[in-house]
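In listed order, ligands and their atoms are each counted from 1. Computed over heavy atoms, backbone and side chain alike; hydrogens, waters and symmetry mates excluded.
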Amino acid sequence: MGPSLPSQQSNIIEENVHEKINQQFEELITTLPSDKGLIVPTLINYKGFWYPPVSIFKGVLLMQDQFKARSTDIFLCSAPKTGTTWLKALTFATMNRSKFEFATHPLLTTVPHNCMPYLDAYITDHDVEALPSPRLLSSHSAYSLLPKSTRESPDCKIVYICRNPKDVFVSDYFFSMKLRAPMFPPISMEEAFDLFCKGVCMYGPYFEHVLGYWKARLESPEKILFLKYEEMRRDPVKHVKHLAEFLGKPFSAEEEKAGVIEEILKLCSFDKLTSLEVNKTGKVTFVPEMAVGNETFYRKGKVGDSKNHLTPEMIERLDKITEEKLKGTGFAFGE
Ligand code: PAP
């Protein structure tokens, strides 16, 4: 009995935790403020941010209650549709560049989302303690809702990517309409836009999401790297170099001369990823409720596509909100 006692005990703790979180989940989803969602019909507002009342929300509760940061952890954080898929591919390829050949690289057969755990969902049915260090993890959660130990650890790193809100909205609208089940009434772009403008969007309000990480980055620049999708599109070599340095894996002069950065960029490029079979036909199942076709994560991959979809009035309205939200923060979105 002796040697197996610790694992039995931890199983009991585990069950108790799940029971507690399930109870909290059930209570919260019936009492929290709610509004309309695009993929699922309802979102609930938890501590200022909007979540779908499905297992991801349970994951967020578990993450806050249970997750213990390690000093070597790397968190890739983002609001949805800001460049997460690209950032995951670039970071995975950069961190593992001495482990894999480019000709047989895992990214040729694995969607970037499956190259690392999406903690918000993963934690509900996986043991994050069993992951080897350094753990490369991702989250869409707001900074204030990341685990306390992650925020407080001086050493674990956070890489955040943001994108201009007009492109985020358009990208999110098309993505969500692909995933919204036909049994739910359709949502027009105008209605979705109104929701986005009042802050109602998955993991949003978007501006508060960005500014939460921006403020944290001002306080701890050595802990948080803040990236802008548009700037990365304009000068990806510079940003991947910076990313590698920030993560403690700078490219050597030999690597630079051998064109390793360019190889990484080619492998992770929109054109390359969308040409791969896995990204045309595969699926990601972050949560048991929904499988997402890998092709859904790629649409145009362009800066400024929103001008092809938003009316001048919509652009003016969102620009005005952006100006008001950013006033006095010292932050500006990339163009
Ligand atoms: P997620 O939150 O669902 O993971 P995310 O990857 O953050 O989505 O954003 C998707 C956007 O990134 C899409 O933008 P679009 O709708 O304006 O086209 C997608 O096309 C773009 N994207 C995906 N992969 C890449 C890539 N390799 N390079 C550049 N952009 C990309």
### Task
Mind checking whether F174 contacts ligand 1 via backbone (N, CA, C, O), side chain (CB onward), both or neither, at a 4.0 Å heavy-atom cut-off?
neither
### Atom indices of ligand 1, in the order listed, that fall short of 4.0 Å to a heavy atom of H113
4 (O)
### Sub-4.5 Å side-chain heavy-atom contact between L243 and L225
yes
#### Entry: Nearest heavy-atom neighbours spanning G37 and I187
O-CD1, 3.6 Å
#### Entry: ligand 1 atoms in contact with C268 (distance to a heavy atom under 4.0 Å)
27 (N)
### Query
Would a hydrophobic clustering, with Ile, Leu, Val, Met, Phe, Trp and Tyr connected at side-chain separations under 4.5 Å, put I161 with V237?
yes
### Query
Taking the inter-plane angle between the rings of W214 and F226 on a 0 to 90° scale, is it parallel (under 30°), tilted (30 to 60°) or perpendicular (over 60°)?
perpendicular
#### Entry: Shortest protein contact, atom 28 (N) of ligand 1 (heavy atom only)
W86 CG, 3.4 Å
### NZ/NE/NH1/NH2 to OD/OE distance under 4.0 Å, D194 and R317
yes
### Task
Using distance alone, decide if ligand 1 has a nitrogen or oxygen within less than 3.5 Å of any nitrogen or oxygen in G301.
yes
### Query
If every non-hydrogen atom of S78 is compared with every non-hydrogen atom of Y160, which pair is closest and at what distance?
CA-CE1, 3.7 Å
### Query
Out of curiosity, is G83 lining ligand 1, as in a heavy atom under 4.0 Å away?
yes
### Message
Taking L265 as the starting point, is it possible to reach F102 by hopping between hydrophobic residues whose side chains are less than 4.5 Å apart?
### Response
yes
### Summary
At under 4.0 Å between heavy atoms, what of A89 touches ligand 1? The answer is neither
### Query
Taking atom types as modelled, is there a side-chain donor on S138 or K88 under 3.5 Å from an acceptor on the other?
yes
### Task
With heavy atoms under 4.0 Å as the rule, classify the contact between M202 and ligand 1 as side chain, backbone, both or neither.
neither
### Query
Would a hydrophobic clustering, with Ile, Leu, Val, Met, Phe, Trp and Tyr connected at side-chain separations under 4.5 Å, put V170 with L179?
yes
## Note on the structure
Counting from 1 in the order shown, the ligand 1 atoms closer than 4.0 Å to a non-hydrogen atom of Y298 are 20 (O), 23 (C), 24 (N)
### Task
Return the residue, atom name and 0.1 Å-rounded distance of the protein heavy atom closest to atom 2 (O) of ligand 1.
K81 N, 2.9 Å
### Query
Closest heavy-atom contact between T150 and K223?
O-NZ, 2.6 Å
### Task
May I ask you to say whether E191 pairs ionically with K36, meaning some side-chain N is under 4.0 Å from a carboxylate O?
yes
### Message
For T84, which part has a heavy atom under 4.0 Å from ligand 1: side chain, backbone, both, or neither?
### Response
both
### Message
Measuring from atom 21 (C) of ligand 1, which candidate in F286, Y229, Y118 has the nearest non-hydrogen atom?
### Response
Y229
### Task
Note the single closest protein heavy atom to atom 6 (O) of ligand 1, along with its residue, its atom name and the distance in Å.
T85 OG1, 2.5 Å
### Query
Taking distance alone, with no angle check, do P80 and ligand 1 share an N/O pair under 3.5 Å?
no
### Query
Is the F169 ring parallel, tilted or perpendicular to the F196 ring (thresholds 30°, 60°)?
tilted
### Query
Which heavy atom of the protein is the closest neighbour of atom 20 (O) of ligand 1, given with residue, atom name and distance?
R299 N, 2.9 Å
### Query
Just heavy atoms, cut-off under 4.0 Å: does S78 contact ligand 1 by side chain, backbone, both, or neither?
neither
### Summary
F270 heavy atoms within 4.0 Å reach ligand 1 at atoms 20 (O), 25 (C), 26 (C), 27 (N), 28 (N), 31 (C)
### Task
Flag the pair C197 / L318 as yes when at least one side-chain heavy-atom distance between them is below 4.5 Å, and no otherwise.
yes
### Min N/O separation D167 to ligand 1 under 3.5 Å
no
### Query
If you measure from atom 14 (O) of ligand 1 to every heavy atom of K88, K302, K300, R163, which option wins on shortest distance?
R163
### Message
Out of all atoms in ligand 1, which are within 4.0 Å of some heavy atom of H140? Include the element for each.
### Response
2 (O)
### Query
Where is the nearest protein heavy atom to atom 19 (C) of ligand 1: which residue, which atom, and how far?
F297 O, 3.3 Å
### Task
Quick one: look up the protein heavy atom nearest atom 13 (C) of ligand 1 and list residue, atom name and how far away it is.
S171 OG, 3.6 Å
### Query
Under 4.5 Å between any side-chain heavy atoms of K228 and F333, yes or no?
no
## Note on the structure
Atoms of ligand 1 under 4.0 Å from any heavy atom of L273, numbered from 1 in the order shown, are 27 (N)
### Query
Is there a heavy atom in T82 that sits closer than 4.0 Å to ligand 1?
yes
